[in-house]
Amino acid sequence: MTAIKSQRTTRMISGIAAVLGFSIVPCAQSQAEILILQSAADRQPIACDDRDVVIRADDQRYSLAGKCRSLILEGDRNFVSIELAAGATLTVSGSQNQVYWKERSETPSIVDAGSDNRISQLGGKTRP
């Protein structure tokens, strides 16, 4: 009985969506999460585990271990070392941040939307 009601509800929602011009596409739940850091950083490396990372802080030090898919850094005077997954993106806003990234196969996509930020590969060239 419950399965029949569930099917009817699904058909009704699909019908309403079609009338309104929407399509409903089933999708698998993503395994990836967003890691948001806003408080004082711990001295231990933070496990990234194939997640996107957002840091909103000032005057903090972060060490991110594991393959991070992306980093958005919003704040001033932060020091961040990060291990990146292939094809990762780095977006830095604010000023006087230092971001040091490590990725073995390719350079990430980098957007520096702030001022006086230093973004460079560990042991590599500095990005102006």
Side-chain angles (χ1 to χ4, degrees):
M1 186 70 129
T2 304
I4 294 170
K5 286 183 180 180
S6 177
Q7 289 174 350
R8 286 182 188 160
T9 302
T10 301
R11 278 191 229 131
M12 183 177 69
I13 291 171
S14 296
I16 292 169
V19 169
L20 295 174
F22 299 112
S23 62
I24 296 177
V25 179
C27 59
Q29 187 170 349
S30 172
Q31 295 293 328
E33 297 177 20
I34 298 175
L35 176 61
I36 300 174
L37 304 171
Q38 297 182 12
S39 60
D42 188 358
R43 294 285 179 201
Q44 301 298 318
I46 298 167
C48 203
D49 301 326
D50 197 35
R51 292 184 283 182
D52 297 306
V53 179
V54 176
I55 297 175
R56 295 182 183 122
D58 294 321
D59 302 305
Q60 297 298 317
R61 295 179 67 86
Y62 292 96
S63 176
L64 299 161
K67 300 295 182 177
C68 303
R69 293 187 321 161
S70 68
L71 170 67
I72 297 174
L73 174 59
E74 301 170 345
D76 301 319
R77 299 169 307 281
N78 294 293
F79 180 93
V80 178
S81 65
I82 185 169
E83 293 179 12
L84 297 173
T89 60
L90 293 174
T91 304
V92 181
S93 61
S95 63
Q96 300 176 352
N97 293 296
Q98 296 180 53
V99 178
Y100 296 95
W101 55 272
K102 178 179 171 183
E103 205 290 303
R104 292 188 179 117
S105 63
E106 63 186 71
T107 301
S109 172
I110 298 173
V111 175
D112 184 354
S115 62
D116 297 323
N117 293 314
R118 180 182 180 115
I119 304 168
S120 63
Q121 185 173 13
L122 282 172
K125 292 184 176 181
T126 300
R127 174 98 177 194

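Along the sequence shown, residues are numbered consecutively beginning with 1.
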Sequence neighbours excluded - disulfide bond (SG atoms under 2.5 Å apart) pairs with any residue from residues 77-106: none
Donor-acceptor pairs under 3.5 angstrom involving side-chain atoms of residues 83-93: please list them, not counting sequence neighbours.
from, atom 1, to, atom 2, distance (Å)
E83, OE1, G66, N, 3.0
S93, OG, L73, O, 3.4

Taking all non-hydrogen atoms of both residues into account, name the closest pair between G94 and N117 and its distance. O-ND2, 3.2 Å
Those residues that, when tested against E74, pass salt bridge (charged side-chain N to carboxylate O under 4.0 Å, His left out) (two or more places apart): R56
Pairs in or reaching into residues 81-119: which pass disulfide bond (SG atoms under 2.5 Å apart), with residues at least two apart or in two chains? none
Set of residues satisfying side-chain contact (heavy atoms from CB on, under 4.5 Å) with respect to D59, sequence neighbours excluded: R77
My understanding is that only residues two or more places apart in sequence, or in another chain, count here; which of them pass side chain to side chain donor-acceptor pair (under 3.5 Å) with Q98? Y100
Pairwise side-chain contact, L71 with W101, heavy-atom cut-off 4.5 Å (strictly under): no
State which residues pass side chain to side chain donor-acceptor pair (under 3.5 Å) with N78; sequence neighbours excluded, sorted by chain then number. N97
Tell me if the NZ atom of K102 is crowded by more than 12 foreign heavy atoms within 6.0 Å. no
Got a second to check how far Y62's OH is from I82's CD1, nearest 0.5 Å? 12.0 Å
Locate the shortest heavy-atom distance separating E103 from E106; write the atom from each residue and the value. OE1-N, 2.5 Å
What distance separates I119 CD1 from D112 CG, expressed to the nearest 0.5 Å? 4.0 Å
S95 meets the side-chain contact (heavy atoms from CB on, under 4.5 Å) criterion, sequence neighbours left out, with D76, S115
Is the shortest side-chain N to carboxylate O distance from R69 to D52 below 4.0 Å? yes
Quick check: do V54 and I34 have side-chain heavy atoms less than 4.5 Å from each other? yes
Go through the structure and list residues passing side-chain contact (heavy atoms from CB on, under 4.5 Å) with D116, not counting sequence neighbours. Q96
